[in-house]
*Asks:* 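If you scroll down you'll find the structure; I have some questions about it.
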2 protein chains.
Amino acid sequence: MDTKSAILDSALDLFNAQGTAEVTTNHIARDAGISPGNLYYHFRNKAEIIRALFERLFNAWDVIFTLDEVRQPTLDDLERLVRANFETLWEYRFAYRELVALLRQDDQLKGRFLQVRERGFQGFSELFQHFMAAGVLPPTTGTSDVTDIAEMCWLISEFWLPYLEVSDREVDPVWLERGVRLMLRAIGV
Amino acid sequence: MDTKSAILDSALDLFNAQGTAEVTTNHIARDAGISPGNLYYHFRNKAEIIRALFERLFNAWDVIFTLDEVRQPTLDDLERLVRANFETLWEYRFAYRELVALLRQDDQLKGRFLQVRERGFQGFSELFQHFMAAGVLPPTTGTSDVTDIAEMCWLISEFWLPYLEVSDREVDPVWLERGVRLMLRAIGV
DNA sequence: GTCTATATCGCGATAGAC
DNA sequence: GTCTATCGCGATATAGAC
């Protein structure tokens, strides 16, 4: 049993349930079944725990957004991708709930996050180029339009879950599907 | 000079700059130029200050969303409304940055917020009915489609600013206009 | 690697004088 | 209505034994 992982598991659960500000290192240690002192053996402070959780999220993204290069992606691929992304964002829901605050508190995290996000968005935009090339999107659509659509989709991807939470709706498969549908509508299919 | 207002002004500035968790009642008192004890004469605790700031936001919304009843609204009205909403949300940007967390911490605030938001969204949806009636939107569009469009626009209204911040872009008139344009595109004009 | 014990700090909140 | 003084608490982080 890896103590470091146990700490991160507990931290994730508690952050998701109560928020990073409310959860103390003592809470995390107790939930993980270790002493507060031991926690500080594995992590220098709470910020480092948060950064480690973000790295987990980045890894999950890597898996999701690494597309099969051998064939042209389809709209089904896009749907699957968005669904997988929703599920991952739900697993790490504390992150986007508090994102602006977390990034301001930690320059190191901010830099890393922007870097990862930028790469992700670029891959996402390329998807749309593929769609145009494959004729899924009308090829007459101008470049700026494609950018608009990609950005619109990205906005939905990132904020549909917070939107549901703010609306006091259950984040369940039905509402997630609605997010997917809204995105497909944005694309115009 | 109204001390209560001075406290709220200081709190708003500090919350926007640093986040509600980082800002203590002592900070607010110092910024407002009063003693910590005096702050507690006017407000029972920090949560009450936050609720008061949300009430200010609600009032601002009231002004924005109270439409002239005598004439049919136009797309220009919609644009103006969205711009005004962006500006207000920027003035109270701490609110949507931390919204999910703030609502979970305070049931009273949560109930009030959902009530105000629900009313706002209903008024917003009615706008779209007007548009259909006035022929700005194609009348053939189904009811569920209109709901989709309204929800899409609402999502943009609420999260375009956080989206900009997460993107590390300046929240300036140019980027705000882009939000408006994205919304008009969602409507299909 | 993990524990217990503890130092240090600062926040939220109250009491009581003016 | 405003101040100063202060209590009580709990959080972060470290020291040192095992």
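Proteins get letters first, then strands, A, B, ... in listed order; numbering begins at 1 in each. All of these numbers come straight from a predicted model, not from anything done at the bench. Keep in mind that the numbers below use all heavy atoms, side chains included, and drop hydrogens, waters and symmetry copies.
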*Asks:* Nearest to the side chain of A:S35 - C:dG1, C:dC3, D:dC3?
*Replies:* C:dC3
*Asks:* State, to the nearest 10°, the angle formed by the axis through the first five base pairs of the helix from C:dG1-D:dC18 to C:dC18-D:dG1 and the axis through its last five.
*Replies:*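 Here the local axes at opposite ends form an angle of 0°.
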*Asks:* Please list all pairs meeting side-chain hydrogen bond (donor to acceptor under 3.5 Å, both in side chains) that have one or both residues in residues 26-35 of chain B, counting only residues at least two apart or in different chains.
*Replies:*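 Matches after skipping sequence neighbours: B:S10-B:D31, B:T24-B:H27.
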*Asks:* More than 12 foreign heavy atoms under 6.0 Å from NZ of B:K110: is that the case here?
*Replies:*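 It does not: B:K110 NZ has 12 such atoms or fewer within range.
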*Asks:* Are side-chain heavy atoms of B:N85 and B:W61 found at a separation under 4.5 Å?
*Replies:*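 A side-chain contact exists here, since the closest heavy-atom pair is under 4.5 Å.
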*Asks:* Verify the cluster assignment for B:Y41 and B:I34: are they in a single hydrophobic cluster under the rule of side-chain heavy atoms below 4.5 Å apart?
*Replies:*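 B:Y41 does not cluster with B:I34.
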*Asks:* Is the charged tip of B:R178 near the ring of B:W175: under 6.0 Å from the six-membered ring centre and within 45° of its axis?
*Replies:*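 Here B:R178 fails the 6.0 Å and 45° test against B:W175.
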*Asks:* It should be established whether A:Y41 places a side-chain nitrogen or oxygen under 4.0 Å from OP1 or OP2 of nucleotide C:dG1.
*Replies:* yes
*Asks:* Rounded to whole angstrom units, what separation is found between the CZ atom of A:F43 and the C1' atom of C:dG1?
*Replies:* 14 Å
*Asks:* Between B:N38 and D:dC3, is there a side-chain N or O to OP1/OP2 distance below 4.0 Å?
*Replies:*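 True: B:N38 side-chain N/O within range (under 4.0 Å) of D:dC3 OP1/OP2.
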*Asks:* Could you tell me if B:R51 sits above the aromatic ring of B:F58, with its cationic atom closer than 6.0 Å to the ring centre and no more than 45 degrees from the axis?
*Replies:*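 No, B:R51 does not lie over the aromatic ring of B:F58.
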*Asks:* Would you tabulate the pairs of protein nitrogen or oxygen atoms and nucleotide nitrogen or oxygen atoms of nucleotides 11-14 of chain C closer than 3.5 angstrom?
*Replies:*
residue, atom, partner, partner atom, Å
C:dG12, OP2, B:T25, N, 2.9
C:dG12, OP2, B:T25, OG1, 2.8
C:dA13, OP2, B:Y40, OH, 3.2

*Asks:* Tell me the interatomic distance from A:D2, atom CG, to C:dT2, atom P, rounded to whole angstroms.
*Replies:*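 For the pair A:D2 CG and C:dT2 P, the rounded distance is 9 Å.
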*Asks:* Is the terminal nitrogen or CZ of B:R117 (NZ for Lys, CZ for Arg) located under 6.0 angstrom from the six-membered ring centre of B:Y96 and within 45° of that ring's axis?
*Replies:* no
*Asks:* Round to a whole Å and report the spacing from CG of A:L39 to P of D:dA11.
*Replies:* 13 Å
*Asks:* Looking at B:N59 and B:R56, would you say the former's side chain and the latter's main chain have a donor-acceptor pair under 3.5 Å?
*Replies:* no
